[in-house]
Amino acid sequence: MRNAEVADFLDEIADLLELKGESRYRVGAYRTAAARIQNLPESVEDVWASGRLQEIPGVGESIAAKVGELLQTGRSTYLESLRREVSPGLRELLRVPGLGPARAQTIHRYLGIQTIQELAEAARQHRLRELPGIREKTEEKILREVERLQQRTRRILLGVALPAAEEVVQLMRRDPNVRRIAPAGSLRRMKETVGDIDILVSSERPAEVTKAFAKLPIVKEILGLGPTKASVLTKDNLQMDLRAVKPDEYGAALQYFTGNKEHNIALREIAIRHGYKLSEYGLFEESTGRRLAGEDEADVYRALGLEWMPPELRENRGELEAALAGRLPKLVKLEDIRGDLQAHTKWSDGTATQEEMAKACRDMGYEYVAITDHSPSLGVARGLSPERLGEKLREVDELNARLAPFRILKGAEVDIRADGTLDYPDEVLSQLEVVVASIHSGFEQGRERITERILRAFKNPNVDMLAHPTGRLLDRRAGYDVDLETVLRAAAATGVAVEINASPERLDLNDVWTLRAKELGVTICVNTDAHSPGQLGFMRYGVGVARRGWLEKKDVLNTLPLQQLLEWLSRRRGRRRAA
DNA sequence: GCCGTTTTCGGCCCGACTGTTTTCAGTCG
């Protein structure tokens, strides 16, 4: 059973307990445990099998027993009894913003309502306003929220949100009332998708700043405008919130609005243990009210005995424990990247020539790029026959003579066919310097077959790397069903590198699996899979995932200078390569 | 239900907003 399923199980218990009116601390305990398991860089099933469930922070005797029963038998007597006590349909009502457990329970008890449809119906007939604690306004709000829920916009890709936020930051910097400004929220943490875009400003005149923000030309609709906060819908239909605070509160506010929530809660608990109080206004001594920090974010962490940590780490996945022990990782940086090992050109489905791609990489300060056009079976991408591949490689030789010391590596993105064989014969593969294997077909094969297929490809000594390991497209396609734990273990054993595909639609591996890959000793490579020179800039999103997965420079293959990379490649295949 | 740099019991993040209320409950982020 996957970690996400176990986390859902605990979340359902939390919801049902909440609807029952149980202590919010008990409810919170289940939620904490769910979040921890969701973020666990290891299969919870393995943790359970080795008797270590209670070593997970937030998992004690009782929750461990319930998870154990679930994993052992596939069911839970506790959850089943809760479902008998609390109508499980009620959970659906909690999805309506503004409707919490108390009012949901009231609505259910008096009117028997348990679906969002019935709720909307009752609101339209003004039957909700007769209930205790609900009058006209609440009823209207519920109806509004139900309608919004039904046409809710999707989450925003990082690759869309970050450029949009940067544009606004640039525009707002020109405002003389703006002192400091930065994106906050999940965007600052480089999460793969975000719900909305948060921007924080410090200013002596916050009200002027929020007004100026609401007047920006990119604004389509003002959703709310006050002296410290403005919320707008942009012409691209992105929700953007700007908050303005006083300069001496900026650091504490940035910390607070960056989150995530679990990280903040844990941090505030640390503050309490010191006899302090932490809020978005600053860090204060509880007894005297004296301000200990607030203007700079790093001071807030330092005053709590912690090193400042990059936002990408702030998910309460163990970063606070690591900071307390002085063992934070030194995360890989964008500037550490020396080249890109997956890129496409006009030879298959890209839009630029090999020369244009190579020069664009050189201009970015890279030492190398592997041009990895597709193999023949990927007809839609005009995959190259062995003959055309040969022509392309001759062009590479010619370009390398001209562009030296910059180096184009001879590569291909080779399909792993349905039976696990590769889409070029070995004598073709052995002419290549970088062989990137990936799956583009047969997504419907079951978990075992797909996994077997990848393992078979790993046995071919010509394979250097596995690209986009799950095949997912964010918000569009789930990817194929694959046992990643097994794949990563095999990658570690065979020395095949695994890609973090930096395309904002993929970001595959994701952050949690990256962390797991690191623990297993897998070599990771961050590639853009660029199909045009502009897409080479996707690298920063992939580095964001690497950082969220705690990777350091030494964990990332393409931080190696050219010579060391070539040595790595030839060591891998256990034979000499053409110089 | 979990947990321990005052605790194996008694705490558990903080502040803001809204609406329904006459001092607070519910919800959110």
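This structure is a prediction, so every number in the text was calculated from the model and none was measured.
Among the protein residues, K66(A) comes within range of the sugar-phosphate backbone only, with heavy atoms under 4.0 Å from sugar or phosphate atoms but none that close to a base.
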Go along nucleotides 20-29 of chain B 5' to 3' and tag each nucleotide: B for a protein heavy atom under 4.0 Å from its base, S when only backbone or sugar atoms are that close, - otherwise. SS----SSSB
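Donor-acceptor pairing under 3.5 Å is lacking for the side chains of N39(A) and E262(A). Under the 3.5 Å distance criterion, with hydrogens and angles disregarded, no donor-acceptor pair is assigned to the side chains of K518(A) and T514(A). Looking only at atom types and distance, the side chain of N260(A) has no donor-acceptor partner in the side chain of K191(A) under 3.5 Å away.
Across the protein-nucleic acid pair, I272(A) atom CD1 and dG4(B) atom C1' stand 14 Å apart, rounded to whole Å. For Y281(A) and dG15(B), the OH to C1' distance is 7 Å, given to the nearest whole Å. Spacing between atom CG of L10(A) and atom C1' of dC2(B) amounts to 13 Å, rounded to whole angstrom units. Look at CD1 on I270(A): it is 16 Å from C1' on dC14(B), rounded to the nearest Å. Going from atom CG of L283(A) over to atom P of dG15(B) covers 12 Å, rounded to whole Å. Here dG19(B) presents its P atom at 14 Å from CZ of R129(A), a figure rounded to the nearest Å. Across the protein-nucleic acid pair, N316(A) atom CG and dC12(B) atom C1' stand 15 Å apart, rounded to whole Å. Straight-line distance from the CD atom of E286(A) to the C1' atom of dC14(B): 11 Å, rounded to whole Å.
Distance from the side chain of S279(A) is smallest to dC14(B) among dC12(B), dC14(B), dC2(B).
Contacts between residues 51-61 of chain A and DNA chain B, counted as heavy-atom distances below 4.0 Å, involve P57(A), G58(A), V59(A), G60(A), E61(A). A heavy atom lying under 4.0 Å from DNA chain B marks none of the residues of residues 288-312 of chain A. Residues from residues 13-26 of chain A placing a heavy atom under 4.0 Å of any atom in DNA chain B, listed by number, are Y25(A), R26(A).
In this structure a side-chain-to-backbone donor-acceptor pair under 3.5 Å is present from R477(A) to G471(A). Distance alone, capped at 3.5 Å, is enough to place a donor-acceptor pair between the T115(A) side chain and the E118(A) backbone. At distances below 3.5 Å, not a single donor-acceptor pair connects side-chain atoms of D198(A) with backbone N or O atoms of L187(A). Here the side chain of E505(A) pairs no donor or acceptor atom with the backbone of L473(A) at under 3.5 angstrom. A donor-acceptor pair under 3.5 Å is absent between the side-chain atoms of R472(A) and the main chain of D508(A), judged by distance alone. Side-chain N or O atoms of Q105(A) include none that pairs as donor or acceptor with a backbone N or O of A102(A) at under 3.5 Å.
Here the separation of dG1(B) from dT8(B), taken at their C1' atoms, is 14 Å to the nearest Å. For the P atoms, the distance from dT27(B) to dT21(B) is 14 Å, rounded to whole Å. Taking atom P on both dC14(B) and dT20(B), the two are 29 Å apart, rounded to the nearest angstrom. Distance check on atom P: dT6(B) versus dC2(B) gives 23 Å, rounded to whole Å. A gap of 13 Å separates the C1' atoms of dC12(B) and dT7(B), to the nearest Å. Remark: the separation of the P atoms in dC13(B) and dT5(B) is 16 Å, to the nearest Å.
The 5' end of DNA chain B is approached more closely, in terms of each residue's nearest nucleotide, by H274(A) than by the other of I265(A) and H274(A). Both A29(A) and K277(A) sit near DNA chain B, but only A29(A) has its closest nucleotide nearer the 5' end.
Note on residues 222-236 of chain A: pairs passing side-chain hydrogen bond (donor to acceptor under 3.5 Å, both in side chains), not counting sequence neighbours, are S231(A)-Q239(A), S231(A)-D241(A). Under the side-chain hydrogen bond (donor to acceptor under 3.5 Å, both in side chains) criterion, the residue pairs touching residues 167-177 of chain A are N177(A)-R205(A), with sequence neighbours excluded.
Using a 4.5 Å cut-off on side-chain heavy atoms (C-beta onward), L10(A) and V67(A) make contact.
Under the side chain to side chain donor-acceptor pair (under 3.5 Å) rule, E315(A) has a single partner from H263(A), Q38(A), R548(A), which is R548(A).
Of the nucleotides present, none pairs with dT8(B) by Watson-Crick or G-U wobble criteria with both distances under 3.5 Å.
Between D15(A) and R31(A), at least one side-chain nitrogen of the basic residue sits less than 4.0 Å from a carboxylate oxygen of the acidic one, meeting the salt-bridge criterion. Contact check on R291(A) versus D299(A) returns no salt bridge, with no Lys/Arg side-chain nitrogen under 4.0 Å from an Asp/Glu carboxylate oxygen.
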